[in-house]
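These notes are about the structure you will find just below.
Every value quoted in this text rests on a predicted model; they were computed, and no experiment measured them. Count residues from 1 along the sequence.
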Amino acid sequence: MAFLRTLVWFSALAFVLFRVGEGKDILVGGSEDAWKIPKNASDSLNQWARKHRFKVGDFLNFKYNGKADSELQVTEKNYESCNTSKPIKEYKNGNNTTVKLNKSGPFYFISGADGHCQKGQKLEVTVISEKHRHHDNPPAFSPKPAIAPAPEPAKTSPNKALAYKDGTFLAVTSLLGIYWIIIMGLYLAWVFYLVEE
């Protein structure tokens with residue numbers, strides 16, 4: 001009986017540790033009808049996005065009528081100009097649109113319906129990396145400079161950069177840790193079982 005109790009306890013612990021490493025499902029705008037032309041600037045999805053932290057591995061869930069609208073993931077240039085002609089990805093499935101935030105940095109989304117983007121139906125989401133320190137409050141919004149400075153060259157070795165790409169390193173180490181916990185849990189349960197006999 002103690003063996004079974006210990007096994008259940010370690011299984012529950014492994015499940016909790018596994019869930020901690022997964023991303024969250026985030027409903028865009030916080031409501032089912034948020035992907036639409038905003039009533040005013042304070043009602044825009046960007047105001048909503050500035051109040052939230054998005055991390056690598058999170059999922060954005062867009063809810064909209066797929067027959068009347070769509071959602072396009074675009075470059076920053078196409079986001080600014082509302083250019084729908086060359087999207088990175090196009091989503092037309094309405095209530096089933098889920099986008100995985102698979103890297104840190106900005107993601108840009110605009111409506112695919114004619115004229116909607118120009119009327120403010122667009123979203124910019126900035127994703128923080130796994131290494132980003134947690135703060136209680138998200139950073140305050142600061143407007144983009146007219147001309148962005150050139151990015152600094154990466155200061156990590158190519159091997160280290162590959163290890164962290166898309167959270168692969170974190171996922172592998174998390175799985176190895178969970179595997180180790182399960183193996184140790186089974187070993188300890190077996191030892192407790194032998195001691196009780």
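For the side chain to side chain contact (heavy atoms under 4.5 Å, CB included) with Ile26, the qualifying choice from Val125, Leu60, Asn61 is Leu60, the only one to do so.
Here the closest heavy-atom approach between residue Val127 and residue Lys55 is recorded as CG1-C, 3.4 Å. The two residues Lys103 and Pro106 come nearest to each other via the heavy atoms NZ-O, 4.2 Å. Contact detail for Pro87 and Glu90: the closest heavy-atom pair is CG-CB, 4.4 Å. The heavy-atom pair separating Ala68 from Ala113 by the smallest distance is O-CB, 3.9 Å.
At a threshold of 4.5 Å between non-hydrogen side-chain atoms, the residues Lys63 and Leu27 count as touching. Side-chain contact check for Val74 versus Lys86: every heavy-atom pair is 4.5 Å or farther apart.
From Cys117, atom SG reaches atom CD of Glu80 across 9.0 Å, with rounding to the nearest 0.5 Å. Atom-to-atom distance recorded for Gln118:CD and Ile37:CD1 is 9.5 Å, nearest 0.5 angstrom. Summarising the geometry, atom SG belonging to Cys82 is positioned 6.0 Å from atom CD1 belonging to Ile110; distances are rounded to the nearest 0.5 Å. Rounding to the nearest 0.5 Å places CG of Leu72 at 9.5 Å from CG of Asn78.
Using a 3.5 Å distance cut-off with no hydrogens or angles, the side chains of Asn83 and Ser85 do pair a donor with an acceptor. With hydrogens and angles left out, the side-chain atoms of Tyr64 and Thr97 include a donor and acceptor closer than 3.5 Å.
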**Message:** Before you tell me yes or no, could you show the steps for Asp58 and Val56 under side-chain contact (heavy atoms from CB on, under 4.5 Å), namely the whole-Å CA-CA distance, both residues' side-chain angles and the distance that decides it to 0.1 Å?
**Reply:** CA-CA 6 Å; Asp58 286 347; Val56 173; over 6 Å; no

**Prompt:** Passes side-chain contact (heavy atoms from CB on, under 4.5 Å), Leu45 versus Val28? Steps please.
**Reply:** CA-CA 8 Å; Leu45 288 174; Val28 171; 4.0 Å; yes

**Item:** Audit row: Phe109, Tyr91, ring pair (Phe, Tyr, Trp, His ring centres under 6.0 Å) steps and yes/no
**Value:** CA-CA 10 Å; Phe109 304 97; Tyr91 303 94; 7.5 Å; no

**Request:** Show your reasoning for whether side-chain contact (heavy atoms from CB on, under 4.5 Å) applies to Leu123 and Trp35.
**Result:** CA-CA 9 Å; Leu123 172 64; Trp35 187 245; 4.1 Å; yes

**Message:** side-chain contact (heavy atoms from CB on, under 4.5 Å) for Glu71 and Val99? Distances and angles first, verdict last.
**Reply:** CA-CA 10 Å; Glu71 177 255 317; Val99 177; 4.0 Å; yes

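Using a cut-off of 4.0 Å between Lys/Arg side-chain N and Asp/Glu carboxylate O, Lys122 and Glu124 are scored as not salt-bridged.
In this structure Asn46 satisfies the side-chain hydrogen bond (donor to acceptor under 3.5 Å, both in side chains) test together with Tyr79, sequence neighbours excluded. Residues passing the side-chain hydrogen bond (donor to acceptor under 3.5 Å, both in side chains) test with Ser70, sequence neighbours excluded: none.
For an aromatic pair to be called close, the ring centres must be under 6.0 Å apart, and Phe54 with Phe107 fails this.
Listed for the His116 side chain is no donor-acceptor partner under 3.5 Å among the backbone atoms of Gly112.
In terms of hydrophobic clustering, with Ile, Leu, Val, Met, Phe, Trp and Tyr side chains grouped at heavy-atom distances under 4.5 Å, Leu101 and Trp48 are assigned to a common cluster.
No more than 12 heavy atoms of other residues, nucleotides or ligands shown are found within 6.0 angstrom of CG on Asp114.
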